[in-house]
J.: 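I'd like to ask some things about the structure below.
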Amino acid sequence: MSARSLAPTAPGAPTRFAQTAMVSGEESQTIEPEFRPLDPRVVRLWRLNYLVGFGVLLLMLLAGAVTAVLARPALRPWAALLWCGTAALAGWLSYWRPPRLYRAWGYRIDAQVFETRSGLFFHVSRLLPLARLQHVDLERGPFERIYGLSSLVLHTAGTHSASITIPGLDAGEAVRLRDHLVAIGGDDAV
Amino acid sequence: MQSEAAVFEGRLHPLTLAFAAYTAVRRLILPAIPLLVFSDRRLGPAILGVLFVSALAQALGRYFSFRYRVEGGELVVRQGILERRERHIPLERVQEIRIEQGVLHRLLGVVDAQVDTGGGGGPEATLSVLSRAEAERLQLAVGERVAKVGEAAASPNEAVVVRRLGVGELALSGLTSNHLVSALALAGLLWTLLDDFVSEGALRRGAGAVFGTTRRVYEQDVWSTVALTVLGGALLLLLAVTFSVAGAIVLYYGFTLTLRGDDLGRRYGLLTRRASSLPRRRIQVLEVEEGLLRRFCRLATLRADTVAGRTDGDEPKDQWRGVLLPIVPRAEVEELLPVFLPDLEPGPAEWRQVSRLSVRRGTVKGAAVCALAASASAALQHSAYGLWPLFMLAPLYWVNLRRYRHLGYALGERYFRTRRGWLSRSTHLVPIRKVQEVEVRQNWFDRRLGLATLVVDTAGQAYTGGGPLVTNLPLEEARRLAATLARRAQRGMAHG
């Protein structure tokens, strides 16, 4: 099975939430909307996250390697090899992974269900009946603010998937989506 | 909704003070020992006295200020003198009222009552201690109010006994439970006892003696060593079995399951009597568990998750709380299910199987493990006889074939069922309106074979071991099923 390609919408296009055509009684025939991608800027955000994270890791490794070499100079070539190898791996990951992760991500919403799909090695598709939505949070980390992005966190009453996070949404888009979800989401006693 | 005057109110039982004193003494024993030994003759007891008196004063304050009442669709609990606390619990949030009695409680005719709502992290309110009659009146009053606020209750005062388990059945339950766990628990218990009561010197001498004798026996005759080991193992197993049986009888003695209106009542326990009432509409998932031994005796255990069972992500501390019926003949499960799930679709379920590729996958996985074990054992023994794990391949294939036959799902109007396992089986029933979220997952192997795993998430999954889950579904079928479940769950809610 080949991976589905996600048709990107033009950046800055207004949000359109598909309506569902209800067929009497039985399963509704939905005009299924296409999966919406995340904001393309999220690739840069993830790269920055990786670089910072790996940077810290490499610094710590460097400190460890230096102490090891000072204690036992014979280890110098091995320590250098290890550190350079890790740095190369980190650099390659930061370059290679974010765009693929971005292509794998998608979400869509209709009148009944909110669906997300994500994952490179482990594909996960999550469907959330909108009446099950408990509440919605907007999160913006410091790096996200630089790129004008934010994350949407949907909380459910489930046990294993108590929250679903959609990262890398354009800030204005995230607010619109949140307002829409709050308006149509349900509150129910379990 | 008519505003009701407070119809039911009460206070704690006077014996609360006695129990508080008892608990305080118990809590102080452990720190008391170092305090008395290591401190001044007068200072140690003085500190203890102060601690004890303050605990008692707290209990006094609580006793005199504690008030509860049921009014206007709420349970209101008030306590505290210096710091007044008032808690309002909407009755429709009350999942369960649990009643517990230790030996001392039973002698004095009082109970501990705990009010559970869906919030997780423990009971919302604890009423300790109440007289037994008061507690039952509270349960009844709350049950009646909830019934009025929620759905209509039928004859709320009539309790129908669904099941009563005798000692023989409980012994059977102990016999067929997971003995390995019991054996380990027993070993752990023995270890701590040994640690506490036997001095280290004696322990070392004892261990040395045991090792010495075993080595002498081994040097004389290999077969007697083998016989000794087998005997030792059999003895341990016998102990574990006795432990299991005794444990089952003590834990579930007099298990009675009743139905009053929409409330399932459970009453059990020999030393600690427990009684809990659980509204059926709170059941999120029901599991029919057939462990290895139980399956071969055609028995099963029924468990359920309610929202009150959530324990903040960790292993649930009290496995027995989710048990609806510890032991029941498998053949009787079908006719019992409508008691727990009143709107279950009648008639046999239409089970659909998954992709046949699951047999191949399971066998390949098992074969890899076999190959690893074979090469390891051959390397260790330096002989071809070490390759015996390879003979496990044929039975492995057969087990996977049986597993495949039993793996599947059944989608009804209101309920979704999944089942899995062959040696030890489990079946899960989910009311579709309780579905919180549906996931379709694929790992790398799934993607290559065009398969997926469907996972249904519900609230409060704690006791049903993994919840509803179907592996090895063809991808398109998994996606369609997920979409159907999600939409039906949504529609179910829209109709309330």
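Each chain gets a letter, A, B and so on, in the order the sequences are listed, and its residues count up from 1.
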J.: List the residues meeting salt bridge (Lys or Arg N to Asp or Glu O under 4.0 Å) with B/R280, not counting sequence neighbours, and say none if there are none.
T.: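 Checked B/R280 against salt bridge (Lys or Arg N to Asp or Glu O under 4.0 Å); matches are B/D262.
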J.: Got more than 12 heavy atoms from elsewhere within 6.0 Å of CZ, A/R41?
T.: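 More than 12 heavy atoms, drawn from other residues, nucleotides or ligands, come within 6.0 Å of this atom.
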J.: Just give me the residue among B/D446, B/T453, B/T458 that pairs up with chain A most often, heavy atom to heavy atom, under 4.5 Å.
T.: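 The residue among B/D446, B/T453, B/T458 with the greatest pair count is B/T458.
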J.: Counting neighbours of CZ on B/R352 that are heavy atoms of other residues, nucleotides or ligands and sit closer than 6.0 Å, is the number greater than 12?
T.: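 Counting other residues, nucleotides and ligands, CZ of B/R352 stays at 12 neighbours or fewer.
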J.: Name the region of A/I164, side chain, backbone, both or neither, that has any atom closer than 4.5 Å to a heavy atom of chain B.
T.: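 The answer is the side chain of A/I164.
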J.: Would the number of heavy atoms belonging to other residues, nucleotides or ligands and lying under 6.0 Å from CD of B/E350 be above 12?
T.: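 Incorrect, the count does not exceed 12.
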J.: Taking A/R117 for the side chain and B/V440 for the main chain, is one N or O donor matched with an acceptor at less than 3.5 Å?
T.: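 Not a single qualifying donor-acceptor pair exists.
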J.: Treating A/R132 as the side-chain partner and B/V435 as the backbone partner, does any N or O pair qualify as donor plus acceptor under 3.5 Å?
T.: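 Yes.
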J.: May I ask you to say whether B/E437 pairs ionically with A/R126, meaning some side-chain N is under 4.0 Å from a carboxylate O?
T.: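 Result for this pair is yes, salt bridge flagged.
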J.: Are there more than 12 heavy atoms of other residues, nucleotides or ligands under 6.0 Å from atom CZ of A/R72?
T.: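 No.
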J.: Quick one: does A/D110's side chain get under 4.5 Å of B/R487's, heavy atoms only?
T.: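 Side chain of A/D110 against side chain of B/R487, heavy atoms only: contact under 4.5 Å found.
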J.: Looking at every non-hydrogen atom in both residues, tell me the closest pair between B/Q436 and A/P129 and how far apart they are.
T.: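 Taking B/Q436 first and A/P129 second, the nearest heavy atoms are O-CD, 3.4 Å.
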J.: Would you name the heavy atoms of A/V124 and B/E439 that are closest together and state the gap between them?
T.: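 Taking A/V124 first and B/E439 second, the nearest heavy atoms are CG1-OE1, 4.0 Å.
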J.: State which residues pass side-chain contact (heavy atoms from CB on, under 4.5 Å) with A/V175; sequence neighbours excluded, sorted by chain then number.
T.: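 Only A/L138, A/R178, A/D179 meet the side-chain contact (heavy atoms from CB on, under 4.5 Å) criterion with A/V175.
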